[in-house]
2 protein chains.
Amino acid sequence: MTLHSHRLTDRDSPIADDGDEVRFCSTCAFSGASTQAGYDKAALRDLHVLVEHVGPYQAGAHVFRRHDPFRAIYAVRGGTVKTVAIDTEGNEQVLGFYIPGEVVGLNAIYPEHYPCDAVALEPTYFCRFSFSAISALATKMPGLQQQLFRLLSKELGMTSRLAGDHAADERVAAFLIDLAERYATQGFPARRLHLAMSRSEIADYLRLAAETVSRMLTRFRDLGLIAIDGRDVEILAPAPLNELARNVLGR
Amino acid sequence: MTLHSHRLTDRDSPIADDGDEVRFCSTCAFSGASTQAGYDKAALRDLHVLVEHVGPYQAGAHVFRRHDPFRAIYAVRGGTVKTVAIDTEGNEQVLGFYIPGEVVGLNAIYPEHYPCDAVALEPTYFCRFSFSAISALATKMPGLQQQLFRLLSKELGMTSRLAGDHAADERVAAFLIDLAERYATQGFPARRLHLAMSRSEIADYLRLAAETVSRMLTRFRDLGLIAIDGRDVEILAPAPLNELARNVLGR
DNA sequence: GCTGCCCCTTGATCTGGATCAATAACACCG
DNA sequence: CGGTGTTATTGATCCAGATCAAGGGGCAGC
């Protein structure tokens, strides 16, 4: 039905048609910005004008690197990205995974340099927005300003929930539930999901060992909560998973 | 020299004089907003008009509670606050400590309800800003908008650094260094700090047990890195502490 | 000055998840 | 196809920090 669910089944045309700008934007992270506070045609055109479509970035390619000067934020159009901070001992710390409709780079506003790397996990396309341009535009478009505030606040909430000390099973359950919900928001089926990231990347995100993630998934499978086929996961029993995830997701 | 350092030595007059609005604002979280993009006198007056001075909140008093509808953000004027999320098992999860010049409540923008409690740790005063009013004003005052973005992004960075998996000694060192630096930013002496929070609150913030925090402080003392007198801490050897804190603080 | 209540420290044990180690299941490619 | 590198699973052991337990110390109220 939507562009995104279409993409899931048609890997040969992985991005939305750029021709129809308005329809394109309805699937994007800033869709709410225009419709919210009354539809300002001119402002909406400004938003479309300042966007640059970039990609594809192949799996493993860097979208930006730590210490690069902050210029732009990236809305994922298709594909998946991770943001990673690598500490002095070389441990990878995954800060987040971003799927279509989500925005990468907001944590660079304050330091004015990206504090982490952004790496594509599969061929990935973005809308790139110059931050100075989009914040200038936000001045004329209260809905856009509001949307930026909301995006930042949302990510803040997500990050602090992840920061809590939770048992491994709760973390893994929360990861699955959260990802499934985010895909659902973008119009993907809510029960089946494809993990673009490795077990070890999930572990680096959840602050667990890859072995622990694997064990938890196996346990969930043995309990009949999920079905696993490599990186394809089907959620069979959302209720008990939600129960596990509850504390992590703050409900 | 500044109002804040004055307060440290004069506990009887714990807040800045409200009479001199401009001087007051020069110590506040939004000081950069006005001076940044050219000084707009009218806009600055708007900012002063929309602020409400609230407090004191006594130690233990709630500033807002989880699930309260989000209306305002609070800039700490004097005192200390913690934000806390309490999970279903009753474990306290401290999300942050806020000292004068810092802003509480930004994580409520997206959910539109406060996702945590805010509790004063000592008698505490705030500037309260209606969020709808301040974001409306931000539209006319690019510097203010920028400041809000920066505050959100800064907190995002802080939270995700805390979320990393770091050893207990690294966490505690980072806590001390970070707090000392934040006090220093506000004009307090950089080497001596008074902890407004208990060991157990520090532990709930760092995701450690209170006993572990205590042991780490003792270890640092035995190593000659700090001097401890109850809740007063003096940093004797910043270099090794910084070294420990490095990975946590992302340097 | 005494009493009760926290908060803090210190010591002794326990445990969840990390780490180490060994296969197993792939995917890619010549 | 089989070979090779990568990713995932499963089992065995270990350890940092949690938990349990027992004082010690400050301070408010009486």
Side-chain angles (χ1 to χ4, degrees), chain A residues 11 58-60 82 87 89-94 119 121-123 162 164-176 194-223 226-233 244 247-248, chain B residues 58-60 82 87 89-94 119 121-122 162 164-176 194-223 226-233 244 247-248:
Chain A
R11 298 296 175 101
Q58 293 307 321
K82 65 172 177 181
D87 71 18
E89 283 103 47
N91 303 310
E92 287 215 354
Q93 166 82 2
V94 173
V119 181
L121 298 179
E122 54 187 341
L162 185 68
D165 67 332
H166 303 285
D169 55 352
E170 295 176 329
R171 283 176 185 274
V172 175
F175 172 75
L176 293 173
H194 177 78
L195 306 175
M197 67 295 289
S198 70
R199 300 289 192 269
S200 134
E201 285 167 327
I202 297 172
D204 290 342
Y205 176 63
L206 299 177
R207 279 106 248 216
L208 296 171
E211 292 92 329
T212 305
V213 171
S214 186
R215 279 184 246 269
M216 293 305 137
L217 290 175
T218 303
R219 183 198 292 178
F220 291 163
R221 174 171 49 72
D222 292 349
L223 290 169
I226 60 174
I228 318 173
D229 175 18
R231 293 189 178 185
D232 291 308
V233 176
L244 274 172
N247 278 326
V248 185
Chain B
Q58 294 307 321
K82 66 173 177 180
D87 71 16
E89 283 102 46
N91 302 310
E92 286 216 353
Q93 165 83 359
V94 173
V119 181
L121 298 179
E122 54 186 341
L162 185 69
D165 66 334
H166 303 286
D169 55 353
E170 295 176 330
R171 283 176 185 275
V172 175
F175 172 74
L176 294 174
H194 177 78
L195 306 176
M197 66 295 289
S198 69
R199 302 289 193 267
S200 134
E201 285 166 328
I202 298 172
D204 289 343
Y205 175 62
L206 298 177
R207 279 103 247 215
L208 296 171
E211 291 92 331
T212 305
V213 171
S214 186
R215 280 184 246 269
M216 294 304 137
L217 290 176
T218 303
R219 183 197 292 176
F220 292 162
R221 174 172 48 74
D222 293 348
L223 290 169
I226 59 174
I228 317 174
D229 175 17
R231 292 189 179 185
D232 290 308
V233 176
L244 272 172
N247 277 326
V248 185

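In what follows, chains carry the letters A, B, and so on, assigned in the order in which the sequence lines appear, proteins first and then strands, with residues in each chain numbered from 1. Computed from a prediction, not measured in an experiment: that's the story for all the values here.
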Stems formed with participation of DNA chain D [Watson-Crick or G-U wobble, under 3.5 Å, three or more pairs] | C:1-6 with D:25-30, C:8-30 with D:1-23
Which atoms of nucleotides 22-26 of chain D (N or O only) lie under 3.5 Å from a protein N or O atom, and what are those distances?
none

What pairs with [X] under side-chain contact (heavy atoms from CB on, under 4.5 Å), at least two apart in sequence or on another chain?
{"X": "A:D87", "value": "A:E89, A:N91, B:N247"}
{"X": "A:A173", "value": "A:F220, A:L241, A:L244, A:A245"}
{"X": "B:A210", "value": "B:S200, B:A203"}

Any side-chain heavy-atom pair of A:R231 and A:R199 under 4.5 Å =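 With C-beta onward as the side chain, the pair touches.
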Got a sec, which residues hit side-chain hydrogen bond (donor to acceptor under 3.5 Å, both in side chains) with B:D232, two or more places apart in sequence or on another chain?
-> B:H194
Shortest non-hydrogen contact from B:V94 toward B:Y205 | O-CD1, 3.4 Å
If you take all heavy atoms of A:V213 and A:V172, which pair is closest and at what distance?
-> CA-CG2, 4.4 Å
Could you tell me the separation between the CZ atom of B:F175 and the CG atom of B:L217, rounded to the nearest 0.5 Å?
->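 It comes to 9.0 Å.
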Starting from [atom2] on [N], measure out to [atom1] on [X] and report it in whole angstrom.
{"X": "A:D232", "N": "D:dA8", "atom1": "CG", "atom2": "C1'", "result": "14 Å"}
{"X": "A:E92", "N": "D:dT7", "atom1": "CD", "atom2": "P", "result": "11 Å"}
{"X": "A:I202", "N": "D:dT7", "atom1": "CD1", "atom2": "C1'", "result": "12 Å"}
{"X": "B:M197", "N": "C:dC7", "atom1": "CE", "atom2": "C1'", "result": "15 Å"}
{"X": "B:R199", "N": "C:dC6", "atom1": "CZ", "atom2": "P", "result": "18 Å"}

Test item: A:R171 side-chain N/O and A:L206 main-chain N/O as donor-acceptor pair under 3.5 Å =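 The answer is yes, because a donor-acceptor pair under 3.5 Å joins these two groups.
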Remember a base hit wins even if backbone is also touched, and classify B:R171 as base, sugar-phosphate or nothing at under 4.0 Å, heavy atoms.
->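 The answer is nothing, as B:R171 stays clear of every strand by at least 4.0 Å.
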How does protein contact run along nucleotides 10-26 of chain C, one letter per nucleotide 5' to 3', with B for base contact, S for sugar-phosphate only, - for none, heavy atoms under 4.0 Å?
-> BBB----SSBBB-----
Residue pairs fulfilling salt bridge (Lys or Arg N to Asp or Glu O under 4.0 Å) with at least one residue in residues 201-217 of chain B, sequence neighbours excluded |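 Applying salt bridge (Lys or Arg N to Asp or Glu O under 4.0 Å) to every pair that reaches into residues 201-217 of chain B, excluding sequence neighbours, yields B:K82-B:E201.
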Set of salt bridge (Lys or Arg N to Asp or Glu O under 4.0 Å) partners for A:R219, sequence neighbours left out |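 Salt bridge (Lys or Arg N to Asp or Glu O under 4.0 Å) list for A:R219, sorted by chain: A:D169.
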